Amino acid sequence: MKLKAPRGTVDILPEQARKWQFVEEQIKNVCNRFHFEEIRTPLFEHTEVFQRGVGDSTDIVQKEMYTFDDRGGRSLTLRPEGTASVVRAFVENKLFGNPNQPVKLYYFAQMFRYERPQKGRMRQLNQFGVEVMGSADPAVDAEVIDLAMTIYKKLGLKSLKLVINSLGDNESRASHRQALVDHFTPVKDELCHDCQTRLTQNPLRILDCKTDKDHPAMKTAPSILDYLNEASKAYFDQVQDYLTMMDIDYVVDKNLVRGLDYYNHTAFEIMSEAEGFGAITTLTGGGRYNGLAEELGGPDTPGIGFGMGLERLIMALEAENVEMPIDRQLDCYLVAVGEDASKEAVRLVHELRMNGIQIDKDYQERKMKGQFKAADRLNAKYVLILGEDELEKQVVNVKEMATGEQAEIPITSLMENMQEKLLGGNEHA
RNA sequence: GCGGUCGUGGCGAAGUGGUUAACGCACCGGAUUGUGGCUCCGGCAUACGUGGGUUCGAUCCCCACCGGUCGCCCCA
């Protein structure tokens, strides 16, 4: 085989696409209930949007972006995540001036990250995400988390774990950062190479390092929760209170650190605990990013959001054997026999479709028996038979496949007859 | 970027250092002059990832590469 999809990309074929349609439909339904509105932003942005938004020190920006120069010499990047783009759009389009605050947005979008693919990790991935801009109410944090959990619940996932943490405001983060540096600097030489870099770049990230997780200094490392100032602590407490009020189970993990620079205050992850799900368990990651809008040139605007991996969501649904209504069926299949009837079939199928009937026909010059096999394979409810005899009499034999019952219907009343059978007789295209 | 493992027809899956590479599924046709799901019969396909090497000869042995897959790092 010569041409293949690029590494880390997949084709979603019809059978699988039905699952996607189902999942997307359910999610949109929940979004509507929560009164979120869709936003669509470009697939690529100026590279600077992500450098400034996501942060230069992050793995994403340092080694995972698909960046290229266009013919005009501009550096562009295929979006590796959704938040920076949405906030850029929020700022550029002055949505902060919209009287309806906060602005509650959702999106479905492909993301691109240059990584080694494995189970649950693709170079092109699909995310559903939400962003709420313009409110610093901890109830919004809870609402966003509730939205994600509601989606999973509606879809039928059970083995989930919600983990939350607070990264605090700038003042809290700064004092915690200094504490981390003071704590780890004496043992710097004992840490892994990455962590030695992190010590100066982003000491917070040392906390979720897998390599050094057993180092004695890890256990005694200063926790962000001990460095939250009063306002940050009060904020985090309120978020938890709201979650409790909504009966949303969660655990606080003081080592939960998100990989992107823009987060502060609430950070959360939702993981699957289903058997056989693979090594990668994070389904959703999100958090608050007050200050990001300002970083991207807009007014200081609070925001919070999350990204939900749809490949992983569908994997989780499959791992938990959740039933998805994806059985394909066909209302009618037209079986035509003979040259004249085959020609007439084209017109008849067109006319039925114009009148709201779902119908297909043979295009492979199959024999009658073959056409019936095709109809059966396609799960057709009715087969309309048009042969020389029927054509002569200007009728069509309509066979109900489930019962085998068959009746002769004049072509002149066929439309009405089928509409009655399939649409209840009162719906029209 | 690193490591394990794998790479035979549309799919699944045997197999051998040597003239025709099993079989199953699927598909098409026939048995049933115009009617599906069962059965029987027949048909079907440019299949051994790519490039080198060893050999009289390689799908099978060796090497490299590519790709899939799983894991590490990190994340969705």
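Every chain is numbered from 1 and lettered A, B, ... according to where its sequence line falls, protein lines coming before strand lines. Bear in mind that the values here come from a model prediction, so they are computed numbers and not experimental data.
The ring of A:Tyr262 has its center closer than 6.0 angstrom to the ring center of A:Tyr289.
Taking the C1' atom of each, B:rC6 and B:rU50 are spaced 16 Å apart, rounded to whole Å. When the C1' atom is used for both B:rA22 and B:rU59, the distance is 14 Å, rounded to whole Å. When the C1' atom is used for both B:rU16 and B:rC72, the distance is 39 Å, rounded to whole Å. When the C1' atom is compared between B:rG15 and B:rG52, the two are found 25 Å apart, to the nearest whole Å.
Side-chain proximity of A:Gln118 to the nucleotides B:rG67, B:rA76, B:rG71 is greatest for B:rG71. Comparing B:rG68, B:rG34, B:rG36 against the side chain of A:Arg7 picks out B:rG68 as the nearest. The side chain of A:Met368 lies closest to B:rG34 when the candidates are B:rA76, B:rG34, B:rC73. Distance from the side chain of A:Ile385 is smallest for B:rG34 among the nucleotides B:rA76, B:rG34, B:rG67. The side chain of A:Glu64 has B:rC74 as its nearest neighbour among B:rG71, B:rC74, B:rG67. When distances run from any side-chain atom of A:Lys369 to the nucleotides B:rA76, B:rG71, B:rA31, the shortest one goes to B:rA31. Among B:rC75, B:rU32, B:rG29, the nucleotide with an atom closest to any side-chain atom of A:Arg366 is B:rG29. In this structure, of B:rC72, B:rG67, B:rC74, it is B:rC74 that holds the atom nearest to the side chain of A:Glu115.
Among the heavy atoms of the strands lying under 4.0 Å from A:Gly8 are primed sugar atoms or P, OP1, OP2 only; no base atom is included. Residue contacts shown for A:Glu365 are absent, as no nucleic acid heavy atom lies under 4.0 Å away. A:Asn126 comes within 4.0 angstrom of no nucleic acid atom, judged by non-hydrogen atoms across all strands. Within the nucleic acid shown, A:Leu283 comes within 4.0 Å of sugar-phosphate atoms alone, with no base atom in reach, counting heavy atoms only. Nucleic acid contact class of A:Gly129 (heavy atoms, under 4.0 Å, all strands): none. A:Met111 comes within 4.0 angstrom of no nucleic acid atom, judged by non-hydrogen atoms across all strands. Residue contacts shown for A:Lys367 are limited to sugar-phosphate atoms, with no base heavy atom under 4.0 Å away. Residue A:Ala375 is out of contact with every strand shown, counting any heavy-atom pair closer than 4.0 Å. Residue-level contact check: A:Gly120 touches the bases, meaning some heavy atom is under 4.0 Å from a base atom.
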Where do N or O atoms of nucleotides 3-5 of chain B meet protein N or O atoms at under 3.5 Å, pair by pair?
from	atom 1	to	atom 2	distance (Å)
B:rG3	O6	A:Arg116	NH2	3.3

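Summarising the geometry of A:Pro186 relative to A:Asp182, their closest heavy-atom pair is CD-O, 3.2 Å, with the distance given to 0.1 Å.
With hydrogens and angles ignored, a donor-acceptor pair under 3.5 angstrom links the side chain of A:Gln406 to the base of B:rU35.
In this structure, A:Arg121 does not reach the B:rC74 phosphate: none of its side-chain N or O atoms is under 4.0 Å from OP1 or OP2. The phosphate of B:rG37 has neither OP1 nor OP2 within less than 4.0 Å of any side-chain N or O from A:Arg377.
With a 6.0 Å cutoff to the six-membered ring centre and a 45° limit on the axis angle, A:Lys188 does not count as a cation-pi contact of A:Phe184. Both the sub-6.0 Å distance and the 45° axial angle are not jointly satisfied by A:Lys28 relative to the ring of A:Tyr106.
Around atom OH of A:Tyr114, no more than 12 heavy atoms belonging to other residues, nucleotides or ligands sit under 6.0 Å away.
Between A:Arg113 and A:Gly370, it is A:Gly370 whose nearest contact on RNA chain B lies nearer the 5' terminus.
The shortest side-chain heavy-atom distance between A:Leu155 and A:Val322 does not fall under the 4.5 Å cut-off.
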Exercise. Dot-bracket for RNA chain B, 5' to 3', with Watson-Crick and G-U pairs under 3.5 Å, [ ] for crossing pairs and | for other-strand pairs: what is it?
Worked result: (((((((..(((.....[....))).(((((.......))))).....(((((..]....))))))))))))....
